[in-house]
Asker: 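Input: one structure, supplied below.
Order of the sequence lines fixes the chain letters, A, B, ..., with proteins taken first and strands second; residue numbering starts at 1 for each chain. For the numbers below, each heavy atom of this structure counts, side chains included, while hydrogens, waters and symmetry mates do not.
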Amino acid sequence: MSGKIRLLVVDDEERFINTLAKRLSLRDFDVTPVTSGEAALEAASRQEFDLALVDLKMPGMSGEDVLKTLKAKHPFIEVIILTGHGSIDSAVQCTRAGSYGYLQKPCETEELLEVLKDAYQERVQRKMNYSKEKIEALMKASSCESPLGILRKLKELEAEGSD
Amino acid sequence: MINRLNADDIASPYLDDRAHGAEYFNQIRRRLRWQLLVAYITPLLLLSAVFHYQYTITLRQEIETHLKSVAENKRNTVSLFLQERVANVKSAFHFESLPLLFSSKQLGRVLEDMQKESATFVDLGLFSPDGKLIAYAGPFTRLLGKDYSEESWFRQLMKQKKEYYISDVYLGFRHQPHFIVAARKLIDGEMWSLRASVDPKRFSEFVTSAILLKKGEALIANRKGELQTTTGDPEQREVLTWVPAKGVDTKVQEVKEKNTITYLKAYAWLTETDWTVVVRIPTEIAYAPIKRARMISIGVLTFAFALLFVFVQRRTRKIVWRLESADRAKEEMRSQLFNAAKLASVGEMATGIAHEINNPLAIIYEEAGLIKDSLDPEFGQEMSKKELEESLKNIVDATMRGRSITSKLLAFARKHDVEVEPTEVDPIINRVISIKQREFEVSGIAVEKRLAANLPKVLVNSNQMEQVLLNLLNNSSDAMETVTGTRRISVTTGQQAEDIFIAVQDTGCGVSAEQMEKIFFPFFTTKKVGKGTGLGLAISYGIVKAAGGRIEVSSEIGKGSTFVIFLPIAKEKRISSREPSTGRAEKSNDNGNRRL
């Protein structure tokens, strides 16, 4: 891990994501821009991302589908929607589907950074919570299980926690 | 189940008839003018005719009565005159002894006495029972001794029961027109006669004088119609065309004389002899008051008609003007509704449009942010000239992209003219699709254009037709929002008989039978609150109908819908949009479209 926040940017506007990628790179983000939902899922399967910034209206897979798939496959990724034609309906739907934030284009840099940072903190928090639970469970197991049982439990937890 | 609807089968209130043209109002004006004129003039004419008829009858009766009374009066005076003359002759016969009368001298004295009574007596003669003139007083002394036994008057006098006889006017032995008054007397078993001749001139003067009838004349005619009131040769005298039989009461008759003058005549028969008093007046003069009355009524009527015509003209103009202004107001409201619906359909696109504008704005914002970052010493990332140029180009491109969207939108919303002209449908379809192109792309909707080549032009207003197509495309894309499978819109054009058709087919959710019934009604919508106004199809129906076309819909739930617009091929070069709609009532077609 480089220490930078790993961000996946998904938007069919190539110029937009390239520029956004450049600017976020200056602000300690490790940005991977992709131009479709399919490419985003492929990138996420190859590499772990902390955050994803996803457009809603795209040819092919829609942003909402990308959000749902990402959240299903990678529980710790935080997804923020950045869309050109936002509506209350779609904001509610996306929040229900698990998006951390819902931003409208064009979005002020400060606001975007704030949301991204909050989202990252959320992710870190959730991950830490998860680790804590994992350690506690391991401690509990070590106190009552046989050495073989402890090993088995460890394996189970590792399988669960793979991100 | 496939639901079908031919939009001609439903009546979309308020939207299907256009304002009418000048010719329509001229027609109304003409018809109204005639109807009003007939309505006003007919009773006036009838009333005038009835009054005139009544007046004519009354006047005729009055004239006839007058004529009759004049004839009767004249008959009475003539009768009195003749009775007097008979009495003169009779008394001379009775009061003088016969031997005295044999002397012409004595007879002359008697004649003198009689002439004192009446100057009409010309002479006096005594006739022996065998008809010889044996005594004579008067100017024609050569008659003395003449034998009258074969003369008709003498034979008649001897033969008849009546003791006196009045002859017709004749020439006799003296070859002078005259008529005689003769009386007979039985003396010592022999029949003697005394005869006085009367001057027809004096008699005529007496008859024809003093009648109370302007321009009329009184005459005496015998049974054959031969005038007795004549001073000339009795052989040459006028013979009246018609004389009624004796015994018939005083009679008035319209008779055309030989000399072509038509007279109104009254006849009154005398009892003393077979003479009738004829009072006649040329019909033209007799009926002059009727003619005058007719002329006056015609004059008054003509004046009344002229007044009525002016009144009707003004009235008609006022009524038609009111009609026209009502029609104009309706047209204005219609056009306002059309505009409102147009703006509403733009509104329905707003979310799509927002996306189109916000995206380039986001690019501009980020490019500007990038340049700002490069100026920030904190980042220490100065941009190269090439990078800066690229950023600026991106900004310009994005600006242009935004502008092209707004200008398309404005161009659509701003157009107001409703002029119809022969128009090709292809450019309209292409323009409307270009407005929706981006939205279709991001919504994953494939657009398939199957436009027939070299289609004839249609007579429409291109802006309105753009609106119709935009409404259909908006509906199609909305119908496919929830569709997970294929999202495709096909726009097909072609020619069918005298029509051009534009079919818009989608793979959307379809229209149910219940929805189909109300699909063209204003304010009917299946879209979410705030999304649809329910005006799109109603307005589209109005526009297509006004262009003389029709819309057909077929739909299957879950499979998609097809809207087909049929537009008549333009025949004339240019027609004003205010021409009356020629909407056709095609109730069913070959596909067996079901009426809903």
Asker: Please indicate whether Arg488(B) has more than 12 foreign heavy atoms, meaning atoms of other residues, nucleotides or ligands, lying under 6.0 Å from its CZ.
Answerer: no
Asker: What side-chain donor-acceptor pairs closer than 3.5 Å can you find for residues 375-382 of chain B, not counting sequence neighbours?
Answerer:
residue	atom	partner	partner atom	Å
Asp376(B)	OD1	Glu378(B)	N	3.0

Asker: Going by heavy atoms in the side chains, are Val442(B) and Asp12(A) under 4.5 Å from each other?
Answerer: yes
Asker: Are more than 12 heavy atoms, taken from residues, nucleotides or ligands other than Lys71(A), located less than 6.0 Å from that residue's NZ atom?
Answerer: yes
Asker: Going by residue number, which parts of residues 389-403 of chain B are within reach of chain A, meaning a heavy-atom gap below 4.5 Å?
Answerer: Lys393(B), Asn394(B), Asp397(B), Arg401(B)
Asker: Could you grab the distance from atom CG of Leu20(A) to atom CG of Leu370(B), nearest 0.5 Å is fine?
Answerer: 10.0 Å
Asker: When you look at Arg27(A) and Asp373(B), which way does the salt bridge (charged side-chain N to carboxylate O under 4.0 Å, His left out) test go after all the steps?
Answerer: CA-CA 10 Å; Arg27(A) 291 165 172 83; Asp373(B) 289 351; 2.7 Å; yes
Asker: Sequence neighbours left out, what passes side-chain contact (heavy atoms from CB on, under 4.5 Å) with Ala97(A)? Give chain and number order.
Answerer: Leu67(A), Lys68(A)
Asker: Give, as side chain, backbone, both or neither, the part of Arg438(B) having an atom under 4.5 angstrom from any heavy atom of chain A.
Answerer: side chain
Asker: When rounded to the nearest 0.5 angstrom, what is the spacing between CD in Glu367(B) and CG in Asn18(A)?
Answerer: 9.0 Å
Asker: Out of Lys57(A), Lys22(A), Gln104(A), which one racks up the most heavy-atom pairs below 4.5 Å with chain B?
Answerer: Lys57(A)
Asker: Treating Arg23(A) as the side-chain partner and Gly369(B) as the backbone partner, does any N or O pair qualify as donor plus acceptor under 3.5 Å?
Answerer: yes
Asker: Run the salt-bridge test on Lys372(B) and Glu108(A) with the 4.0 Å N-O cut-off and return the result as yes or no.
Answerer: no
Asker: How long is the span from the CD1 atom in Ile363(B) to the CD atom in Glu14(A), to the nearest 0.5 Å?
Answerer: 10.5 Å
Asker: Would a 4.5 Å heavy-atom cut-off, applied to side chains only, mark Ile364(B) and Pro106(A) as touching?
Answerer: no
Asker: Please collect all side chain to side chain donor-acceptor pair (under 3.5 Å) contacts where either partner lies in residues 90-101 of chain A, sequence neighbours excluded, each pair once.
Answerer: Ser90(A)-Tyr102(A)
Asker: Is a side-chain N or O of Tyr365(B) found less than 3.5 angstrom from the main chain of Lys105(A), in a donor-acceptor match?
Answerer: no
